[in-house]
Structures are given as C-alpha cells and as structure tokens.
Protein chains: 2
Amino acid sequence: MPGDVQKNPVEKIPALSRQRLGDQIADVLRKQILLGELRPGSNIPERETASALGVSRTPLREALLILEVEGLVIMAPARSPIVANPSLEDLTQLLLVQSALEALAGECACEEITNDEFDHIESLHLHMLASSDISDDSLDFFSTDMAFHEAIVASTKNPPLIKTHRQYNARLWRARFMSSRRKIKRASTLRDHTNIVEGLKKRDKAQTSAALGEHLRIAITNIAGIFAREDNPE
Amino acid sequence: MPGDVQKNPVEKIPALSRQRLGDQIADVLRKQILLGELRPGSNIPERETASALGVSRTPLREALLILEVEGLVIMAPARSPIVANPSLEDLTQLLLVQSALEALAGECACEEITNDEFDHIESLHLHMLASSDISDDSLDFFSTDMAFHEAIVASTKNPPLIKTHRQYNARLWRARFMSSRRKIKRASTLRDHTNIVEGLKKRDKAQTSAALGEHLRIAITNIAGIFAREDNPE
DNA sequence: GACCATTATTTGGTATACCAAATACATTGA
DNA sequence: TCAATGTATTTGGTATACCAAATAATGGTC
C-alpha cells in the first residue's frame, strides 16, 4: 500500500524527554483515537504498533494500560487490544454521569471562578455565536464547544473533578463530534450556552448547574438520533 | 525483625491464574492501602516490593500504574512510588464529586432498582440499626455502611458510574474509616440512611437523590473534624 | 469431500538485563 | 570544621528475550 503512514509515522516519539514514555504514547494514541485515525473496534497489536511508533513494547503496554483504565481501550487475554466501540447504551450511561459532573462543576464554578476565567469562557461563547452563521467549519465549532465546557470545569479548581471529566470527555468525544456535525442542533446548543453564561455571570448556582445538566441530557437524545440514522441511513 | 510478614507475605500471588498478574497485584496493593498496611506517604520501592510479592517488576509496575491512574499512588521520576496521602482539601474535593455521583445514583436507582436489590439494601440498613447500639465493632458498622452505598450505586446498572464511584471510594476509604470511628456520629448517619431507604422505597427520585447528596456533604465536615483533632490531639 | 486432529505461528504475559538520572556519602581542600 | 565536589549506589525507565495460550492452517483419515 503506497503512502501508508502507519508504518513510518510522522508522530514519532522524540528521543529524549522529561516525561514517562508510556504517558507520551498514551497521549499520542488517545489523540489518534479521538481523531478517528484509530477507528473504534480496530486492533492495536503490540509489536506492530510499538515498532511503528519506534518504541519497545514495554512503554506501549503502559500506554495501553492507561487507556484501558480510562475506558478507551479494551484488553482481553490472548487478544489484541482494541479501541473501545461504545454502544448507544454505553454512551447514554457515560453522558448521564458527565451531566452530573458538569452540573456539579457549574455549582462550584459559581464560587471559584475568577473574572478572567469568566471572560475567557464568555469569549469562547461569543466565538461560537459568531462562527455558527458564517462558517462551515464543524471542527472549529465543535472544538470550541469542548473548550467551553472544559474551561468551566477547570474554573472549579477541583483536580479530581477536572480529571474525571476529562476522562469521560475522551470516551464521549467521538460520539459528540458526530453529533455536532448536525448543524440543525447548533441553535439549541447556543441557547443552552447562553443560559450557562448568564448563570455564571450572576454566579447563580442553581441556574448554572441546571443549565449544564440539562444541556448534556439533551445531548443524549441527539446522539441517539445519530445512531438511529446510522442504522437506517437516509 | 521476627514475624515480619512483609518479606514473606502470606498473600502470595498464586502461580497460575486466568487474570492478568498486574491486576491481581493491584488488588492486593489496593487492599493493603485501604487497610492501612501500606501507610499514606510510605514508599513502594519496585524491586523490594516485587520480590516480597514473589513477582517480577514488570507486572508490579503495571499494578502501580493502575493505582496511579486511580489516584491511590503517586509516581515521580527517579522516586519510589508512594502511597497517596490526601490533604483535607483533596478529600473535600473528592467527597464533593462523590456526593454528586451518589446523588445521580439515587436518581437512577429509583428507576432501575429491583425489589430484591431494595430488600438487600434495606437489610443492610436494618443491620446497621441493630448493631449500632449493641456492638462496639466499628469495622462491621463501617463496612456495612460502605456496602450500603455500593449496593445503591450497583442497582443503577450503570457500569461507568459504578466504576468511577468505586475509584473515588478507594481514595476516600481511609478517611471515611477514621471518621466512622467517632461513634457520636452514628445517629446522624442512621437518620440519613433512613431517609435514603424511604426515598428508595417510594422510588422518589428527589428525596433519594437529595438525601444521598446531603449525606456525603455532611461527611465532609466530619472528616474536617478528624483533621482538626489530629492537629490538636485532645 | 468433509471433518477432526495436530502442528506451526502469532498473540499477549512475564521475567530479566541494561541504562541513565538522581541521591547520598565520602573524601579532599579551603 | 565546613563545604564542595566527585564517585558509588540506588532508583525508576526501557528494551529485549522467553513463555504459554489461543488460533489458524494443513494434512490425514473416515
């Protein structure tokens, strides 16, 4: 296969580093999974992947283990590790937890958020508002959406909450990306975000928390729609 | 040192098994951490621990990595891994997330719980009620308390929620155990539990969820009390 | 021709050997 | 005597070699 970049990857691990190699590999693989370069259900054979990345199996296994604990990779005995391929039910359950986490984040954010952090979140919101009409760039809209939510969680300054939220986001990333490509839904997304920003501006715990929680529960139905459309395409 | 079980452990890993050795070691170490056999802040040197357990460093490192992702162990470059020693602030943040998870669990449980599961939860509650007066066995009271909460979460049949809740429980275990030894607090614990059981019986989402969330938020102040007492002992 | 058994190959799991960085200790000079 | 430097030891990080189980392919038999 000409042009096969899998065997001679550009994203080679740099020779020296300050961080554990396994962590770096985990970052690379996680990114590849999120971007869809490693498709759900696909194999990640240890030897092949290790040599493709220019590392040995030991740190690669560390990376796979991390991703397994995070729920992005499934490892079974005597089987190649595979990229998790969550069902609609899985995604629904994940999203339910994520909605509770974000509801909590909204509550905490009202107490902990600084003015600078709020300004940043508001600017992300304004960017989405502006780009939703004029731009076709789904990826930009989507990544700003993700950054918006992550910034809110980050403003809580609660490391476990931030970490857990990030892990759930990783498992939901792909589904939410697929869902975000339905431009029809952008209006309701932006309306929800407006509520969230307003709640944050007033430091109104109840409004912020409820808006965030509700926002993600709506996302559940959107994702269900994607699944239905895949099963009965057009 | 005579009788030193650390070097010649009873809990040796059985030779053959169906499960990954690293996972089993992680279970052993997790248990030792929870039971306080491995004290917070203590070192877990790789070579020494590996030979003490009768395994090689590779699966031991797998176990340590799992525990690091779970937040029970801290690994720093060129440093022995150490058992996490969460500060009061850490515990507060963890408990806040855990309270949100349990509040969600209460909501979901009202929809998903079976009669058998409810009966089991109620029997745990009754056991605690009965044993609180007559028994001095803190460990029994505490472990039943933990089982009570875990059973509620389990009844949601939401695997990610169950897993995340279990991980947070592991990090909170020690602090909650210390806290549970203050028998003074048992009455309020049991009152909270009664509310929870009542809510579940009626399948009342609002009551169950609120009771569970509030229950853990109270635990925060109890644990803060433990810390204050340690700093100014009697 | 089909099915079962056996073998060879590929997989992940584990142990070991090697390496580099960091630390602690000792020795030497001021 | 104290401090600074250099060396030796201990640490975790990584690569490699070995092992066992599972699978797939092939050959023999019914």
Side-chain angles (χ1 to χ4, degrees), chain A residues 6-7 9 11-29 33 38-39 41-85, chain B residues 6-9 11-29 33 38 41-85:
Chain A
Q6 195 74 348
K7 295 287 182 181
E11 336 200 29
K12 195 107 163 252
I13 308 290
L16 66 86
S17 53
R18 77 292 170 199
Q19 199 191 0
R20 217 161 34 204
L21 190 52
D23 291 334
Q24 300 177 52
I25 299 173
D27 289 340
V28 170
L29 292 180
I33 291 173
L38 282 173
R39 306 271 279 282
S42 64
N43 286 13
I44 313 178
E46 297 188 358
R47 287 169 225 277
E48 189 181 330
T49 310
S51 74
L53 266 61
V55 298
S56 84
R57 284 178 58 208
T58 307
L60 174 67
R61 275 180 63 83
E62 282 199 15
L64 290 172
L65 214 71
I66 292 171
L67 297 176
E68 191 204 22
V69 176
E70 291 183 0
L72 284 176
V73 161
I74 312 287
M75 294 176 80
R79 282 276 186 293
S80 281
I82 60 177
V83 179
N85 189 11
Chain B
Q6 195 74 346
K7 294 287 182 179
N8 187 15
E11 337 200 28
K12 195 102 164 258
I13 308 290
L16 66 86
S17 54
R18 77 292 172 199
Q19 199 192 358
R20 216 163 30 204
L21 190 52
D23 290 334
Q24 301 176 51
I25 299 173
D27 289 340
V28 170
L29 292 180
I33 291 173
L38 284 172
S42 64
N43 286 13
I44 313 179
E46 297 187 357
R47 288 169 168 82
E48 187 181 332
T49 310
S51 74
L53 266 63
V55 299
S56 84
R57 283 179 59 206
T58 307
L60 174 67
R61 275 181 64 84
E62 282 199 15
L64 290 171
L65 213 70
I66 292 171
L67 298 175
E68 191 204 23
V69 177
E70 292 183 0
L72 283 177
V73 161
I74 311 287
M75 292 176 81
R79 282 277 185 295
S80 281
I82 60 177
V83 179
N85 189 11

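By convention in this document, chain letters (A, B, ...) are assigned in the order of the sequence lines, proteins followed by strands, and residues within each chain are numbered from 1. All values below come from the heavy atoms of this structure, side chains included, with hydrogens, waters and symmetry mates left out.
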Using a cutoff of under 3.5 Å, can you pull out all pairs of nitrogen or oxygen atoms linking the protein to nucleotides 9-12 of chain C, with atom names and distances?
| residue | atom | partner | partner atom | Å |
| --- | --- | --- | --- | --- |
| dT11(C) | O3' | S80(A) | OG | 3.2 |
| dG12(C) | OP1 | S80(A) | OG | 2.9 |
| dG12(C) | OP2 | E46(A) | N | 3.3 |
| dG12(C) | N7 | R47(A) | NH2 | 2.7 |
| dG12(C) | O6 | R47(A) | NH2 | 2.8 |

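Spacing between atom CG of L21(B) and atom P of dT16(C) amounts to 12 Å, rounded to whole angstrom units. Taking atom CD of residue Q24(B) and atom P of nucleotide dG13(C), one finds them 12 Å apart after rounding to whole Å. As a whole-Å value, the separation of L60(B) CG from dG13(C) P is 17 Å.
Phosphate proximity of dT14(D) to T58(A): absent, as no side-chain N or O sits under 4.0 Å from OP1 or OP2.
For residues 53-63 of chain A, the side-chain hydrogen bond (donor to acceptor under 3.5 Å, both in side chains) pairs, not counting sequence neighbours, are E46(A)-R57(A), E46(A)-R61(A), R61(A)-E62(B), E62(A)-R61(B). Under the side-chain hydrogen bond (donor to acceptor under 3.5 Å, both in side chains) criterion, the residue pairs touching residues 69-79 of chain A are R30(A)-E70(A), with sequence neighbours excluded.
By the side chain to side chain contact (heavy atoms under 4.5 Å, CB included) test, V69(B) pairs with I66(A), V69(A), Q167(A), sequence neighbours left out. Every side chain to side chain contact (heavy atoms under 4.5 Å, CB included) that N43(B) has, sequence neighbours left out, goes to P45(B), S80(B), I82(B). Legend: residues meeting side-chain hydrogen bond (donor to acceptor under 3.5 Å, both in side chains) with N85(B), ordered by chain and number and at least two apart, are absent.
For the residue pair L64(B) and P81(B), the shortest heavy atom distance occurs at CD1-CG, 3.8 Å.
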